[in-house]
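Inspection log for the structure reproduced underneath, given as structure tokens.
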Amino acid sequence: MTAAAPILSVERLSVEFLTDRGWATVVDDVSFDVARGETLGLVGESGSGKTVTSLAIMQLVPMPPGRFSGGRILFEGTDLVELPEKGLQRVRGNEIAMVFQESMTSLNPAFTIGDQIAEAVRVHRGIGRRPALDRAVEVLDLVGIPSPRERVHAYPHEFSGGMRQRAAIAMALACEPKLLIADEPTTALDVTVQAQVLTLLRELQQRFGMAMLFITHNLGVVADICDRVAVMYAGQIVEVAGVDALFQAPGHPYTEGLLQAMPQLGRRGEPLAVVPGVPPMPWAMPAGCRFHPRCAYAEPACTAGPPKLDTTRPGQASRCARSASITLRGSD
Amino acid sequence: MNTNHLLEVRDLSVVFRIGGGLLAPRRELRAVNGVSFGIAPGETLAVVGESGSGKSTIARAVMRLIEPASGSVVLDGTDITQLTGQALRRIRPRLQMVFQDPYSSLDPSKLIRDVVAEPLVVHRRLAGAALDARVEQLLEQVGLGAYHLDRYPYEFSGGQRQRIAIARAIALEPSLLVLDEAVSALDVSTQNQILNLLADLRRAHGIAYLFISHDLGVVRHIADRVAVTYLGRIVETGPTERIFTATAHPYTEALLAAVPIPNPALQRQRRAPPLVGDIPSPLAPPPGCPFHTRCPRAMPVCSTEPPRHVPVDGGGTVACHLHD
Amino acid sequence: MPRFILQRLLALIPLLLIVSLLVFSLVLLIPGDPAYLLAGEDATPEEVAAIRTEMGLDEPVLVRYGKWLIAVVQGDLGTSLFSDQPVLDVILERLPVTLSLAVAAILIALTISIPAGIVSGTRAGTRIDRAVTVGSSIGLALPNFWLGLMLVLVLAIWNPWFPATGYTPLSESLADWWRHILLPAFTLGLSASAILTRQLRGAMIEVMQLDYVRTARAKGLPHRRVVAKHALKNAAIPMVTILGLQVNGLLGGTVIVEQIFGMPGIGQLAVASVFTRDLPMIQGVVIMAVFVAVLVNLVVDISYGYFNPKVRPR
Amino acid sequence: MSSPANDSQRARSAGQRFLRRFLQQRLALGCLGFLVLLTLAAVFAPWVAPYDPLQQDLDRVLESPSRDHWFGTDELGRDVLSRTLFAARVSLLAAAQAVLIAIAIGVPPGLVAGLWGGRVDGLIMRATDALMSFPPLILAVALIAVLGPSLTNAMIAIGILLSPTFLRLMRATTMAVAQETYVEAARSIGCTQGWIIRKHVLPNVVSPLFVQISVFAGVAMLAEAGLSFLGLGAQPPDSSWGAMVGRGFRYLSLAPSLIVFPGLAIAITVLALYVVGDGLRDSLGREIRRES
């Protein structure tokens with residue numbers, strides 16, 4: 001796909017969770033690459049496994065109730081699954097940083113913004129309190145917080161939602177990571193603030209040449225910020241494609257369903273497109289293709305065996321047995 | 001006053017008093033500030049705005065779930081802000097509401113049967129076998145089978161719960177349904193199922209909707225008319241297509257520009273510089289036009305004079321000094 | 001900060017007024033004529049009349065309350081019916097014993113509960129967590145008087161390692177004070193430590209699942225630092241509240257513990273006064289106990305601001 | 001997240017789900033069994049006890065446990081086991097009394113404060129704070145000082161002391177329920193205030209209260225034991241476990257068994273009450289239990 005070696009390579013990752021009904025596979029055989037400097041979107045509905053995938057990369061899946069059941073996560077050639085905790089601590093926040101959805105709860109209410117940014121710098125750079133705080137002021141300025149020298153002493157509850165998310169981004173950027181994982185970073189924000197944050201992320205990424213794994217359920221946001229997209233359904237990746245290809249000519253019926261369901265694309269006075277039914281529960285996955293009970297193109301063969309994620313066109317892969325024989329509608 | 005309107009809201013204001021204790025001054029939060037709009041029978045009016053714009057407060061004030069500080073809410077000639085006790089309860093069936101959070105809006109200790117039957121029981125409409133039959137019919141109307149009747153809310157998904165909430169809200173055959181972010185908590189596919197259900201119900205029963213939302217895509221699809229709110233005020237109203245295609249207010253413009261569209265090539269071209277800053281605190285709203293602190297086209301007058309609503313070509317009104 | 005403290009102090013006024021009303025109305029609760037009761041069974045009518053006059057029982061209730069309150073505010077808690085000494089003097093003489101006992105008990109409770117709560121809270125479900133949970137349940141269920149007696153039996157009578165009774169002031173000898181105070185303080189502090197451990201464990205479990213702990217880990221902080229800095233400071237917020245309540249409990253518990261270990265403190269005085277029906281003394285003890293409890297809670301309240309910036313004054 | 005259950009699966013009411021979860025907790029179930037047995041033994045003490053608890057035998061005083069007297073004898077040669085069994089009646093009854101008093105004093109104002117809020121709430125909470133600022137045992141001692149030492153007075157005092165906890169619990173849950181959207185939804189369809197309280201608030205606040213009762217019975221039992229130990233509770237010839245320890249105090253070094261057994265009885269019973277309380281709390285479904 002990309003010429004240079006990818007910075008992150010997730011290979012056949014599987015994660016299980018203990019539920020009331022036993023072990024359930026919530027991330028199943030997931031593989032994808034993130035190239036240096038690119039933004040890969042990870043898209044899916046709630047419960048599709050996209051957040052668990054991102055936490056698994058950081059080795060932050062709560063265990064118990066979770067556990068790894070297979071796969072490798074290669075970051076610059078090092079398998080993070082095998083890395084001992086000490087090594088992981090050197091990677092987290094330094095080489096790979098993360099921004100979460102809820103800036104209200106993901107910042108510690110008991111410490112100042114500056115303290116929380118500075119501590120990451122101190123841990124990874126081994127510098128003193130003063131220079132670390134100066135660095136905090138620097139990154140707060142970078143993310144567009146006005147009068148950072150004063151604001152560095154503010155507590156999270158003294159910031160607005162948009163400012164908190166900027167602060168969270170500043171915290172992630174403080175050590176100039178090579179990869180930023182952003183888990184629904186704009187979902188809790190108003191649209192005008194979302195536009196600010198997306199613009200900010202785009203600018204910072206270009207400036208630092210950082211790679212980004214952007215997790216979202218919003219296809220509009222995907223169109224705005226991603227270079228390539230991986231679509232997840234029921235714990236599996238069902239399609240990987242360049243962002244233009246995905247929107248013009250999706251390769252999987254589920255992607256088509258998601259695109260068509262965008263209300264912007266509906267016509268007034270006509271029913272909105274829906275994917276019938278609901279996603280399956282992890283303990284009751286359908287046999288064969290997991291999407292077949294909801295798929296308009298399903299045929300008996302789809303229940304036969306699980307389809308593989310096959311390359312259909314250059315740069316595009318789809319987990320659909322019928323991808324060669326059907327033509328799907330894009331968003332145009 | 002438009003006499004054809006089913007609901008007529010005039011100069012509605014809602015004030016919350018917060019804080020107040022020894023030595024701590026009590027502060028006033030004007031969540032809704034002089035809001036007026038009307039809804040015709042069978043019409044869908046969408047109230048859109050970001051958080052803190054007062055849109056949910058408008059919904060609750062219309063429902064008389066909170067007391068307005070001033071203004072009137074007239075339903076079919078009756079000002080419901082003046083009603084109390086029995087008289088208020090008698091008018092309630094005409095005006096029903098569906099709430100945002102499908103998880104906390106159903107009493108966890110009640111069977112679905114009792115949840116849906118409650119309005120009919122409270123208003124003594126039906127009893128016995130007739131009640132059972134009506135409840136079954138209601139569930140079917142919202143696309144749920146009668147076998148769900150003897151289950152508890154915990155057994156249902158968000159989308160199903162929202163269907164149950166709708167069944168309960170239409171049980172009394174209201175002429176107006178207030179939908180407060182009723183689909184916001186749902187995944188897009190489930191959201192569309194509910195939106196389609198609402199469209200079906202409107203066709204079948206001629207119910208008018210007051211549709212509160214922050215999602216412009218959804219609003220464009222479902223609404224006949226739109227009212228855009230900012231910091232407790234309506235800044236622009238008008239027919240949906242006019243709002244989206246011949247936008248009059250700079251805030252509406254910014255709002256529309258901020259929503260990314262699902263077309264990467266187009267989106268790359270149309271990216272506008274986003275609005276600067278955050279919504280000001282409603283505890284200390286800026287003087288003059290509430291939007292002037294973020295408005296790219298603000299003039300000196302905007303920070304002193306509050307703009308009046310003036311008519312716009314294509315229908316509706318706008319409150320902006322650019323249009324004076 | 002001074003403004004914040006002033007605010008809290010002012011907020012205490014209505015509280016103290018209600019408290020004073022409650023303490024005062026203790027007299028009104030006495031069935032029958034309190035003067036007869038207080039004078040004793042074989043008192044002459046003259047003695048009864050004298051008590052009646054001395055306590056002002058002839059006047060209207062509100063007037064009595066007013067006079068009593070003014071006297072109390074001026075530090076006049078009345079005279080003991082039993083020893084004829086001023087109540088305040090007797091109490092102040094005994095107060096250091098009770099206070100040092102309570103302080104030692106709190107220190108012991110914190111020394112046990114903080115590590116136990118952190119360890120079991122961060123390792124919920126493990127064997128060590130279960131041991132701590134069972135231990136704290138037992139600590140809660142043991143009656144403190146019984147625990148005290150068992151300690152005396154084993155550590156003072158069978159193995160004379162500690163004195164069974166008595167008290168040495170801190171000002172005389174630190175070592176002796178410590179030897180005398182250890183058993184009673186442990187007896188008094190054990191149930192508080194059990195409650196605090198449970199509280200801290202629960203709070204730690206909850207906090208460890210919160211987003212900001214995940215953020216702290218995502219920053220690459222070592223586990224130790226995540227627990228000791230990010231989790232602990234937030235988990236301490238509910239613990240501080242509980243600590244305030246426990247201080248009241250401890251002050252109450254001194255009644256029993258001082259009795260067992262023969263310590264000349266306020267608690268012993270309270271029990272003795274019940275049997276001598278020394279009502280002014282009882283009222284004095286209650287007022288002093290509430291006063292100390294309220295002061296301690298004020299300190300707790302103010303320290304709350306350290307843990308929770310949201311309640312800190314701007 | 002919930003899933004559409006199988007059609008064959010019958011829906012269970014909150015009560016049924018609660019019971020099912022409770023029955024799975026073996027330790028709590030065992031403790032409940034112990035408490036039931038203890039109550040039966042106390043009720044039928046005249047038939048179960050090996051001796052008359054008041055029968056003196058001055059030839060055999062302060063004896064250690066033996067085959068004749070499993071728990072030994074006291075200073076008057078009375079059988080400690082029999083006395084412990086009879087004292088169980090007093091201890092259990094006293095704890096129950098105190099909890100009932102606490103509920104009667106604490107629950108109604110808690111409900112009112114939670115429902116009405118505002119000034120009424122402020123007033124009630126001020127009074128509660130004042131009551132809670134008293135060190136509990138000292139207040140109890142003071143109350144007994146004026147009312148006179150007796151078990152009933154001790155239980156009234158403990159009931160008053162416990163009532164703020166019930167009040168606060170009731171207020172907190174009521175407030176939380178009253179703020180739930182389903183209560184607002186009920187108002188929006190035109191339910192009367194009385195209907196909402198009866199049909200929506202009460203059913204959702206009783207369970208958190210209910211599961212606390214057994215824990216508070218333990219607290220009450222400890223408090224009663226403490227007061228009786230000081231001689232301010234149960235008066236002779238009645239005896240509770242605490243009173244037995246109080247009298248045995250004098251013979252601490254001569255006959256430790258005098259205090260060991262009644263003390264153990266208290267500790268084990270209170271522990272059982274706590275474990276049952278924890279079990280009950282854990283059996284409440286997530287849908288009822290409040291995330292704090």
Side-chain angles (χ1 to χ4, degrees), chain A residues 45-48 144 146 159-163 188-200 202 217-227 242-248 257-279 294 330-332, chain B residues 48-53 157-160 183 185-197 199-200 203 214-224 240-241 244 251 254-268 270-281 294:
Chain A
E45 292 177 282
S46 50
S48 60
F159 273 18
S160 70
M163 296 243 292
L189 303 175
D190 282 319
V191 279
T192 56
V193 182
Q194 164 173 290
Q196 293 172 3
V197 169
L198 290 176
T199 305
L200 174 69
R202 239 189 346 258
H217 68 277
N218 185 331
L219 285 171
V221 171
V222 169
D224 188 62
I225 201 163
C226 298
D227 302 316
V243 70
D244 293 285
L246 186 94
F247 280 84
Q248 275 161 20
L258 277 184
L259 284 171
Q260 296 305 318
M262 296 202 64
Q264 286 95 323
L265 299 177
R267 224 174 259 252
R268 283 179 58 79
E270 281 175 21
L272 287 161
V274 296
V275 182
V278 290
R294 305 176 69 192
S331 68
D332 300 315
Chain B
V48 290
E50 296 180 284
S51 52
S53 66
S157 67
Q160 288 175 312
V183 295
L186 308 173
D187 273 325
V188 60
S189 186
T190 320
Q191 163 187 297
N192 287 4
Q193 294 170 5
I194 300 292
L195 290 172
N196 289 345
L197 169 65
D200 292 346
R203 253 194 306 281
H214 68 275
D215 188 332
L216 291 160
V218 168
V219 164
R220 184 169 195 176
H221 185 84
I222 196 169
D224 300 313
T240 307
E241 273 319 299
F244 280 82
Y251 174 64
L255 211 51
L256 289 173
V259 182
I261 54 166
N263 183 325
L266 264 181
Q267 173 63 18
R268 276 192 286 269
R270 73 185 274 279
R271 275 177 201 153
L275 274 187
V276 292
D278 295 312
I279 300 176
S281 160
R294 302 171 75 198

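A note on names: the letters A, B, ... follow the listed sequences, proteins ahead of strands, and every chain is numbered from 1. Just the heavy atoms: all of them, side chains too, but no hydrogens, waters or symmetry mates, feed the values below.
- For chain B, the nearby parts of Gln196(A) are the backbone and the side chain; heavy atoms of each come within less than 4.5 Å.
- Between chain A and the options Ala223(B), Ser281(B), Gly159(B), heavy-atom pairs under 4.5 Å are most frequent for Ala223(B).
- When each of Arg220(B), Gln191(B), Gln193(B) is scored by its heavy-atom pairs under 4.5 Å with chain A, the top score falls to Gln193(B).
- Most heavy-atom pairs under 4.5 Å with chain A, from the set Pro264(B), Pro274(B), Gly277(B): that is Pro264(B).
- A distance of 9.5 Å separates CG of Asp278(B) from CG of Leu189(A), quoted to the nearest 0.5 Å.
- Contact of the Thr192(A) side chain with the Arg294(B) side chain is registered, since non-hydrogen atoms from C-beta on lie closer than 4.5 Å.
- Side-chain atoms of Asp224(A) and Arg271(B), non-hydrogen and from C-beta on, do get closer than 4.5 Å to each other.
- Looking at Leu275(B), both its backbone and its side chain come within 4.5 Å of chain A, counting heavy atoms on both sides.
- In this structure, CG in Asp244(A) is found 8.0 Å from CG in Asn263(B), a value given to the nearest 0.5 Å.
- When all heavy atoms of Pro260(B) and Val221(A) are compared, the pair lying nearest together is CG-N, 3.7 Å.
- With a 4.5 Å cut-off on non-hydrogen atoms, Ala199(B) does not touch chain A at all.
- For Pro276(A), the part lying near chain B is the backbone, with the side chain staying farther off; criterion is any non-hydrogen pair under 4.5 Å.
- Closest of all the heavy-atom pairs between Val193(A) and Glu50(B) is N-OE2, 4.4 Å.
- Residues Arg268(B) and Val243(A) have side chains in contact (heavy-atom distance under 4.5 Å, counting atoms from C-beta outward).
- For a residue to count as touching a neighbouring chain, one of its non-hydrogen atoms must lie under 4.5 Å from one of that chain's; by this rule Gln248(A) does not touch chain B.
- Between chain A and the options Gln267(B), His221(B), Glu241(B), Arg270(B), heavy-atom pairs under 4.5 Å are most frequent for His221(B).
- With a 4.5 Å cut-off on side-chain heavy atoms, Val191(A) and His214(B) do not count as touching.
- Between chain A and the options Pro262(B), Gly217(B), Ala258(B), the largest number of non-hydrogen pairs under 4.5 Å is found for Pro262(B).
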**Prompt:** Stepwise, does the side-chain contact (heavy atoms from CB on, under 4.5 Å) test hold for Val188(B) with His217(A)?
**Reply:** CA-CA 9 Å; Val188(B) 60; His217(A) 68 277; over 6 Å; no
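- Not one N or O on the side chain of Asp187(B) forms a donor-acceptor pair closer than 3.5 Å with the backbone of Glu45(A).
- Of the two parts of Leu216(B), neither the backbone nor the side chain holds a non-hydrogen atom closer than 4.5 Å to a non-hydrogen atom of chain A.
- In terms of heavy atoms, Ser189(B) sits closest to Arg294(A) at OG-NH2, 3.9 Å.
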